[in-house]
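I have placed the structure first, in the form of structure tokens, so that the comments after it can refer back to it.
Order of listing sets the numbers, starting from 1, for every ligand and every atom in it.
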Amino acid sequence: MIDYRSDNTGRAAPEILDALVRANRDTALGYGADEWTADLQRRFSDLFETAVRVFPVATGTAANALALASLGPSWGIVYCSELAHINTAEANAAGFFGGGIKLAAIGGKHGKIDAALLAEGLAGIAPGQLHKGQPTAVSLTQATDLGAVYSIDEIGNVAETAKRRGLRLHMDGARFANAVARLGCTPADATWRSGVDIMSFGATKNGGALCDAIVVFSPELTDGLAVQLRRAGQVWSKMRFASAQLIAYIENGLWLEMARASNGIAARIAAGLRDIPAARLLAPIEANEIFLELPDGAMDGLERDGFQFYRRSRTLARFVCRFDTTEAEADALIAALRRNLGTVPRAAE
Ligand SMILES: Cc1ncc(COP(=O)(O)O)c(C=O)c1O
């Protein structure tokens, strides 16, 4: 079997597991008062070129819901892409932890928020209009839920529209590493310098083991968030093991190395798809995910050939590349697509 089901079906990076074993010595205070968690603050502040607070959490859902809960009142409205994971796959955790927060879906291409459509949505609620919830935040997903990547300008446009109305900006960075690897920019440019106040910093999908994090760029959010985290059971007593994982994740650029690997495999598949017109891409392949519209029956053929992937509908398949997916596995997928779908001769390049 060749597994393209998800980026969480694979292994954790050995460097991260080694860090867990190395942290297993002596005694250390609980609940984040340990030396690893202090070091984590310094390491992430260096990485983001500004003083940040980092809170390890168990899952991306916890990161999203609690970050959003820290942004505003329980009657707040958070704007996001209609395809955003917070809107489609988190059992309304944001609404639950935010005490009633409502999500409002905004259209856009390839899982992005279109800044003009956001402005239109915001114009529909006048400030102080008592019969509606009040806009409080915007959440964008980087890389998007269709595997596309916002450019720095696109993030800036969404941020500007949000800030004009006094809203906070959250980034769901479950695949932030893939986006930064794609953009070739600094983590700072992709976040706070573009207007992001708080982010969910994914690690698990990209070779992590057991934790993600919330990174806070706007310090006034920290105290409220800390209480939200405690109340939601997201403050480990043996926090050093969570912090050790995240330190190892970014140490020596490991996180970007792994993201470049999975992006590279996806790009190899993208190149192979160019002469298979029957496989239609739903969004450009800019990170590590591939969404393909396939003719009826093609998915059965791929499964018979030994490939695992998610069927999103009768004709839509999702393939996800992991940091440990091999070039041979990429070539095998292309060969199977060619076998099942046929090719056309390539135009001279
Ligand atoms: C874009 C995005 N955000 C958040 C999550 C949530 O992560 P978790 O499953 O760890 O809660 C996922 C998981 O698939 C995701 O794809």
Could you pull out every donor-acceptor pair under 3.5 Å between side chains of residues 244-252 and any protein atom, sequence neighbours left out?
residue, atom, partner, partner atom, Å
Q245, OE1, L210, N, 2.9
Q245, NE2, F241, O, 3.4
Y249, OH, G202, O, 3.4
Y249, OH, N206, ND2, 2.9
E251, OE2, R43, NH1, 3.0
E251, OE2, R43, NH2, 3.4

Using a strict 4.0 Å threshold on nitrogen-to-oxygen distance, state whether R339 and D305 make a salt bridge. yes

Check ion pair K205-D212 (N to O, under 4.0 angstrom): no

Can you list every protein residue that has a heavy atom under 4.0 Å from any atom of ligand 1, sorted by chain and residue number? T59, G60, T61, N64, H85, E90, T141, D145, D172, A174, R175, K205

Can you run down the salt bridge (Lys or Arg N to Asp or Glu O under 4.0 Å) pairs that involve residues 256-271, sequence neighbours left out, and say none if there aren't any? R268-E327, R268-D331

If you define the side chain from C-beta out and look only at heavy atoms, does anything of T144 sit under 4.5 Å from V149? no

Donor-acceptor contacts under 3.5 Å from residues 10-31 side chains, at least two apart:
residue, atom, partner, partner atom, Å
R11, NE, D324, OD2, 3.2

